[in-house]
Asker: 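Quick one: this structure, given as C-alpha cells, is what I'll be asking you about.
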Amino acid sequence: MNATPARVLSVIPPMTQLNTPYPSTAYLTGFLRSRGLAAVQVDLALALVLELFSASGLQAVRVCIHALPADGRSALVAAFDADFERYVSTITPTLAFLQGRDPTLAHRIATRSFLPEGPRFASLDVYVDPDDPEGGDPLAWAFGALGQQDRARHLATLYLNDLADVLRDAVDPRFEFVRYAESLAMSQPSFEPLARALAAEPNLVDRTLQALALQAVATHTPDVVLVSVPFPGAVYAAFRVAQAIKARHPQIRIVLGGGFVNTELRELSEPRVFDYFDAVTLDAGERPVLALLEHFRGKRSAARLVRSFTRSEGMVRYTDIGEADIPFSDVGTPTWDGLPLDRYLSLLDMLNPMHRLWSDGRWNKLTVAHGCYWKKCSFCDVSLDYISRYDAATAETLVDRVEAIVRETGNTGFHFVDEAAPPKALKALAVELEKRRLAISWWGNIRFEKSFTPELCQQLADSGCIAISGGLEVASDRLLKLMKKGVSVEQVARVTRAFSDAGILVHAYLMYGFPTQTVQDTVDALEYVRQLFEAGCIQSGFFHRFACTVHSPVGKNPQEYGVTLATLPPVSFAKNDIGFHDPSGVDHDVLGVALKKALYNYMHGIGLDEDVRSWFGGRVPRTTVPRQRIARALATSS
Ligand code: B12
C-alpha cells in the first residue's frame with residue numbers, strides 16, 4: 001500500500017439483527033471520519049437476507065431443491081415447492097411491508113388468505129380466545145379489532161420464518177435469522193471445524209454472500225476492510241467474506257475485531273486464521289485501527305501495534321505497545337451514513353412487548369458510557385475491557401451525539417446498548433434532553449439500583465424512556481449476595497414498581513442454575529417472580545441458564561462458589577464457556593423447562609394465582625416465601 005491515507009470499508013457479516021444495524025461499523029466509521037479518514041460501511045447481514053428472500057432468491061432456492069433427490073426433501077421443502085408460485089408472488093410486497101414501505105398491505109395480509117402458511121403458523125393454534133374457545137380469531141387477545149399493522153407484521157414474520165426453515169432444510173442446515181453457523185465458533189478450542197467448513201464447496205448462501213462482499217468492494221474500492229463479529233453467529237460468514245475478498249483482491253488488508261474476538265479469541269494462536277485476515281484486534285477498536293492504518297502505510301513498525309495479533313514467520317504474534325485508548329468523549333459520533341435505513345425489516349416474532357423492541361423498529365444504538373460502572377457481578381465477564389474500563393462522557397456530549405444522529409437518520413428512537421447504564425448519567429441525560437426540548441424515545445439495560453427513586457423514574461419517563469431491562473437473576477437474597485449483584489429482591493420490587501408506575505415497561509433478566517442453587521431456591525425464586533408480575537412490578541422476563549465463562553469471577557475463582565471446573569482441551573482458537581461441577585447435583589435442565597413455561601404464561605397474565613409447584617408437575621417442595629411478601633414490602637415502602 002502506498003503512503004496516501006487508506007479508504008476503509010467496515011463490514012457487518014451475517015447474522016446480527018434485521019430490524020436495525022448493529023452499531024460497531026457505525027462507531028468505527030464515525031470515529032475514522034472524525035479523524036479525517038475516508039470510511040464507509042456495509043451491512044452484509046441485511047443485504048444477504050434481502051437477496052435470498054427476493055423473487056430471484058427464491059428461484060435460486062428452488063434450483064437447489066430440484067437438485068436434491070426426491071427422498072431428500074423434507075415435508076416443508078416439498079410444500080414450499082408445491083406452493084412456489086404463491087411464495088414468489090408474495091415475497092416482494094411482504095418485504096416492502098416489513099420495511100414499512102407499503103403499510104396498506106396489512107389489510108390483505110391480516111385476512112390470512114394472502115400469504116401461504118407453513119408449519120410456523122401452527123404457533124397460532126396455541127392461542128385460544130377465552131371468550132370464543134370454539135375457534136374465532138386466535139390473535140384477538142394480542143391485537144384486538146384494530147391492530148391490523150401488528151397482526152400483519154406477526155403473520156409476515158411467521159411467513160419469513162417458514163422460508164428460513166426451507167432454506168435450512170434445502171440449502172444450509174446452519175442457517176438461522178439471528179445466528180448463523182454459531183457452533184463453528186462458540187467456545188471452539190480448535191479452528192479445525194471452521195477450517196473444514198470454509199474448505200467446503202460454497203453453497204447458495206455462501207455464494208450469495210461472497211458475491212455481495214465483492215460487490216461492496218467494487219463499489220467502495222477500499223484498501224482496508226474491517227470485519228466486525230459481535231457474536232459467534234457472525235464468525236463463519238466473516239471468514240467467508242474475507243475468503244472471497246482475499247481470493248480476488250489479495251492486496252486489500254483485512255482486519256477482524258468485535259465482541260466475539262474481544263471475548264473468545266484472547267488466546268488465539270492458530271496461524272490459519274491469518275490466511276483470511278491480516279490482523280485480529282482486541283477490545284475497543286479505535287486505537288488499534290489507527291495503529292494498523294499507520295502500519296499498513298509503512299509509518300509504524302509491526303512491533304508498535306496496539307492489541308493486535310498478526311502472523312510472522314508462520315507463528316501468531318500478539319503485539320501491544322500499550323498506547324492509551326481513545327477516551328469515550330473523543331470517539332466521535334457514530335454515523336449510519338451509507339446504510340440503507342429504509343430497508344431494515346421490522347419483525348414481530350414473540351408476542352411480548354419487550355421482546356418486540358429487539359426485533360421491531362429502527363432504533364439508533366448508542367452507548368451512554370464505555371464499560372460498566374458496577375463491574376462486580378460474579379457471573380459476568382468483568383475482567384474484560386468492555387466491562388472493566390468504565391469511561392463516561394458529559395451529558396452535553398451525549399446529547400450532541402443524540403442530536404446529530406436524529407439529524408442524520410431522521411429516527412428519534414434510541415437503544416442504549418450499555419451493559420448497565422449508570423443512574424447518574426441517565427439523570428444528567430434526562431436533564432439535558434429536557435433543557436434542549438429534544439423529543440426522543442429510549443430504552444436500555446440498567447441495574448435495579450435504589451437510586452432509581454420514583455421521582456427519577458418519572459423524570460426518565462418524561463425524557464423519553466419507554467422501557468428498561470435489568471437483572472434480577474436468581475430472585476434469592478442469598479444468591480444475589482453470592483453473585484455480588486448489589487441488589488435485594490425487595491429493592492428490585494420497589495425499583496421496578498417505580499418504573500412501572502411511571503409508565504415504563506420493565507423486563508427482568510432471570511437466571512437459573514447458579515452455583516449452589518437448590519431446588520428450594522428455584523421454587524422460591526419463581527414465587528418471587530410470580531409476585532412481581534402480580535404486583536405489576538415487571539411485565540416481561542427471560543430465564544437464562546447460568547453459563548460459566550473463563551473471564552467471570554466464578555470461572556476465575558470457582559472454589560469461592562463451591563464448584564469445580566472441567567478441564568479444557570488445549571486452546572488455539574476460541575475460549576469462553578467452561579463446564580463445571582456443582583456438588584448440589586440439581587437437575588437444572590428439568591427445572592428450566594418449568595421456569596420457562598411459567599414465565600411465558602405470566603407474561604400473558606395466565607396462572608398468576610396458581611401455586612408455583614404446579615409448573616413443576618408438583619414434584620418440588622412448597623415455597624418458603626410468604627404469599628404476600630412483595631405486596632407487603634411495597635406497602636411498607638410507600
Ligand atoms: C446490547 C447487546 C445485545 C443486545 C443487542 C444486540 C444487537 N444485535 O444489537 C441483545 C440483548 C439483543 C443482545 C443479544 C445477544 N448477544 Co449481546 N451484547 C450486547 C452488548 C452489551 C453491547 C453490544 C454493543 O452494541 N456494543 C457497542 C459497540 C459499538 O461495541 P462493539 O460491537 O464491541 O464494537 C467495538 C469493538 O468491539 C471494536 N470492534 C468491533 N468490530 C470491529 C472490527 C474490527 C476490524 C476492529 C479492529 C474493531 C472492532 O470497535 C468497536 C468500537 O470500539 C455486548 C457486550 C458489550 N459491552 O459490548 C453483548 C455481547 C456482544 N453479546 C453477546 C452475545 C453472546 C449475545 C447473544 C448471542 C446472546 C444469546 N445467547 O442469544 C445474542 C445475539 C443477538 C443477535 N444475533 O443480534 C456477547 C458476545 C460474546 C461472544 N461469546 O461472542 C457479548 C460480548 C456479551 C457477553 N460477554 O456475553 N446483545
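Start at 1 and go down the list; that is how both ligands and their atoms are numbered. Note that these values count all heavy atoms, side chains included, but never hydrogens, waters or copies made by symmetry.
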Asker: Thr549 vs Asp381, test: side-chain hydrogen bond (donor to acceptor under 3.5 Å, both in side chains). Steps then yes/no.
Answerer: CA-CA 7 Å; Thr549 77; Asp381 289 349; 2.5 Å; yes
Asker: So is Arg401 actually on top of Phe328's ring, under 6.0 Å and inside 45° of the axis?
Answerer: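 Verdict for Phe328: a cation-pi partner in Arg401.
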Asker: Below 30° counts as parallel, above 60° as perpendicular, anything between as tilted: where do the rings of Phe191 and Phe239 land?
Answerer: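 Tilted.
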Asker: Any idea how Tyr236 and Tyr180 line up, ring-wise: parallel (<30°), tilted (30 to 60°), or perpendicular (>60°)?
Answerer: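 The arrangement is perpendicular - the two ring planes meet at more than 60°.
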Asker: Can you tell me how the ring of Phe175 sits relative to the ring of Phe53, calling it parallel under 30°, perpendicular over 60° and tilted otherwise?
Answerer: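 Because their plane-to-plane angle lies in the 30° to 60° range, the rings of Phe175 and Phe53 count as tilted.
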Asker: Could you pull out every protein residue that has a heavy atom closer than 4.0 Å to ligand 1, ordered by chain and then number?
Answerer: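 For ligand 1, the residues that come within the 4.0 Å heavy-atom cutoff are Thr16, Gln17, Tyr22, Pro23, Ser24, Tyr27, Leu28, Val178, Arg179, Leu226, Val227, Ser228, Pro230, Phe231, Pro232, Val255, Leu256, Gly257, Gly258, Gly259, Phe260, Asn262, Thr263, Glu264, Thr281, Asp283, Ala284, Gly285, Glu286, Val289, Trp358, Lys365, Asp381, Tyr386, Val417, Glu419, Tyr509, Asn576.
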Asker: Tyr561 vs Phe514 aromatic rings, parallel, tilted or perpendicular, using cut-offs 30° and 60°?
Answerer: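 The arrangement is perpendicular - the two ring planes meet at more than 60°.
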